[in-house]
Amino acid sequence: MSMDVRDLDDRPVIIGAGIAGLMTALHLAPEPVLLLSRSPLGADASSAWAQGGLAASMGDDDDPILHLTDTLAAGDGLCDAEAARRIVYAAPAAIEYLARFGVRFDRTPAGALRLGLEAAHSRRRIVHAGGDGSGREVMRALVAAVRSTPTIEVIEGFEARRLVAEDGRIAGVLASGAAGPVFLATARVVLATGGIGGLFHDSTNPLGSCGQGLALAARAGAVLADLEFVQFHPTALDEPKRPMSLISEAVRGEGATLVDETGRRFLSGVQGTELAPRDVLARAVGNHLASGHRVFLDVRERPGPTFARQFPTIALACKEAGIDPARDLIPIRPAQHYHMGGVAADLAGRTSVQGLWACGEVASTGLHGANRLASNSLTEAVVCARWVAESLRGIPARRAQQTFASDSPSPDPAAVRPVLSRALGVVRNREGLEAAARALLPLAECADATSGPAVVGLMITIAALQRRESRGAHQRTDFPLHAAVARRSEITLEAALRTARELEPRLECLT
Ligand code: SIN
């Protein structure tokens, strides 16, 4: 690392450079800020892989109240209605703001936004860019804007390994890169680290997204919320490649159908059929696969000849898998796609730890409830980044009393992946969850590369064990109904460890 990091002391540090991190940095300008990115800017962020775009009520037949109604219905009784209201009402302005940054949204020949339909939306309200390349296009524009903003200091190739707290407040970040560990003294840290797909075999997320922000926050004592709600996308391309290629809901929005190996549209009994909420569809597809069928997406009639032009990224993935969508059915299966849970945060990103903010997928603001409405997540990141930046401004700088120098290994989720994939899938039960907790506890208690992912996996597992009902994306065969009262869940690392230890006498760490 060529710069002297002492020169950067006291600036806010944003960890993660997807849409949430980049937008927060841009909103903070001209206040100096340090943006920490594990990879070259834009290279490894799940934001860049987003095919669906941003949900916003921009159509003539639409209104934020309709967007709110759809969001709350998809969230299955668990959304924070006020948080959802504020976000959906701010969404149209956020789209206009992105356009001013040079994001080239798809438009009609007359220049109006071309609005797409996705599952569980009652109106066409998905703003896309580059067809199915929305995330890539938004990232292109934001990376360019960040690169040309002199007050944003980008540190690439460094990964945050630990948050340092003094007197219960954030005092700095220990990070590590090729040149070794560095200590960044700061009283303001924003987590914008994305999701947890790397903890599952079947996921549409980059492998490197393995809950790093959740582990950092949990170890700093933060409260995490709604961790049991893991969203599975019903239509990932079923081929050996990992991570899996997503086949956007927008394809079904344009009329594609789901069939099995006999050609039967097996969803005829499911309300909403191909455009049912994502949790409903993921279970229907999962059940059909579990009963020995294969499941395919049929795009031959609709969208038909326009498919490759409308969905170039998906058309390329099919081609690479040897599938010709004009002629062949596209094999699909559900895959982990998004985490509704995260670090408990208000809309300005404030967490339970003083000096720690969270924005984007790593945060749990209550917008998504038990099941995220499609394309609400990029919208949330863009909208909330402004409020996070406003809340960071004006917090006085506070120098750390001491500096720290220690290194720890980069997280390795390999041992955690089979455990979560088995127990925390589309359907769960007590036996499987308890077995997972017993397997994860000793891994979480060891100070090695597995422990961060294991801490996150354990906390998700305990949250899932403690939710004795089925709601949204959390379906338990042993508790198949809603509980009488819908309650969001909260958990700390200390509480999760205590619960796991009570399941079984503590196992000795063997590594
Ligand atoms: C999709 O395009 O189907 C995914 C959109 C999203 O996850 O919001």
Side-chain angles (χ1 to χ4, degrees), residues 49-55 59 61 104-137 204 233-239 241 244-278 280-282 284-285 288-289 293-335 337 374-375:
W49 292 19
Q51 295 180 359
L54 297 97
D61 64 345
R104 296 183 290 246
F105 289 117
D106 294 344
R107 293 184 185 272
T108 65
L113 288 168
R114 201 184 280 283
L115 299 172
L117 182 65
E118 287 181 358
H121 285 274
S122 58
R123 294 288 185 279
R124 286 191 164 262
R125 66 166 72 95
I126 315 303
V127 180
H128 285 268
D132 56 9
S134 306
R136 199 167 50 236
E137 168 58 12
T204 60
H233 196 290
T235 56
L237 183 59
D238 189 7
E239 54 158 342
K241 184 170 86 67
M244 298 173 83
S245 300
L246 178 69
I247 304 189
S248 173
E249 279 185 355
V251 178
R252 278 173 278 128
E254 294 302 317
T257 54
L258 284 170
V259 296
D260 65 17
E261 73 288 353
T262 68
R264 188 167 72 90
R265 285 185 68 183
F266 63 96
L267 293 174
S268 51
V270 174
Q271 195 184 0
T273 59
E274 275 81 1
L275 292 179
R278 203 170 272 183
V280 174
L281 216 49
V285 172
H288 211 56
L289 289 168
H293 292 281
R294 294 202 67 198
V295 179
F296 302 88
L297 198 61
D298 187 352
V299 304
R300 295 173 300 183
E301 292 250 313
R302 294 181 62 202
T306 60
F307 173 76
R309 183 166 46 76
Q310 281 180 286
F311 303 105
T313 310
I314 302 170
L316 181 63
C318 288
K319 187 169 173 207
E320 286 171 357
I323 298 159
D324 174 4
R327 213 188 47 208
D328 305 326
L329 295 172
I330 305 172
I332 58 96
R333 65 184 307 113
H337 182 60
S375 288

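- Between P234 and V285 the shortest heavy-atom distance is O-CG1, 4.2 Å.
- Taking the side chain as every heavy atom from C-beta outward, E249 and Q51 never approach each other to under 4.5 Å.
- Residue A276 comes nearest to V270 through the heavy atom pair CB-CG1, 4.1 Å, listed as atom of the first residue, atom of the second, then distance.
- Dense packing is recorded around CZ of R123, with more than 12 heavy atoms of other residues, nucleotides or ligands lying under 6.0 Å away.
- To the nearest 0.5 angstrom, R125 atom CZ is 14.0 Å from L113 atom CG.
- Using cut-offs of 30° and 60° for the angle between ring planes, the H288 and H293 rings count as parallel.
- Considering only heavy atoms from C-beta on, R252 stays 4.5 Å or farther from I247 through its side chain.
- Atom CD in E320 sits 10.0 Å away from atom CG in L237 (nearest 0.5 Å).
- Note: L267 CG to T273 OG1 = 6.5 Å, rounded to the nearest 0.5 Å.
- Taking 4.0 Å as the cut-off between side-chain N and carboxylate O, R124 and E254 count as a salt-bridged pair.
- Proximity of F307 to V251: side-chain heavy atoms (C-beta onward) are separated by under 4.5 Å at one or more points.
- Between A55 and I126 the shortest heavy-atom distance is CB-CD1, 4.0 Å.
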Check: side chain to side chain contact (heavy atoms under 4.5 Å, CB included) between T313 and W49: does it pass, once the steps are laid out?
Finding: CA-CA 10 Å; T313 310; W49 292 19; over 6 Å; no
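- Side-chain contact between P303 and F311: present, with at least one pair of heavy atoms (C-beta onward) separated by less than 4.5 Å.
- For T257 against R265, the heavy-atom pair with the smallest separation is CG2-CZ, 3.4 Å.
- To the nearest 0.5 Å, atom OG of residue S245 and atom CG of residue D238 are 11.0 Å apart.
- Here the shortest heavy-atom pairing between P331 and I323 reads CD-CD1, 3.6 Å.
- Shortest non-hydrogen contact noted between R300 and P325 is CG-O, 3.4 Å.
- Note that CG of L297 and CG of D328 are 12.5 Å apart. Values are rounded to the nearest 0.5 Å.
- Proximity of R333 to M244: side-chain heavy atoms (C-beta onward) are separated by under 4.5 Å at one or more points.
- Using a 4.5 Å cut-off on side-chain heavy atoms (C-beta onward), I332 and L258 make contact.
- Annotation: side-chain hydrogen bond (donor to acceptor under 3.5 Å, both in side chains) contacts involving residues 106-118, sequence neighbours excluded, comprise E118-S375.
- Residues H233 and R278 are in side-chain contact: their nearest non-hydrogen atoms beyond the backbone lie under 4.5 Å apart.
- Here the CG atom belonging to L246 is positioned 6.5 Å from the CD1 atom belonging to I314, to the nearest 0.5 angstrom.
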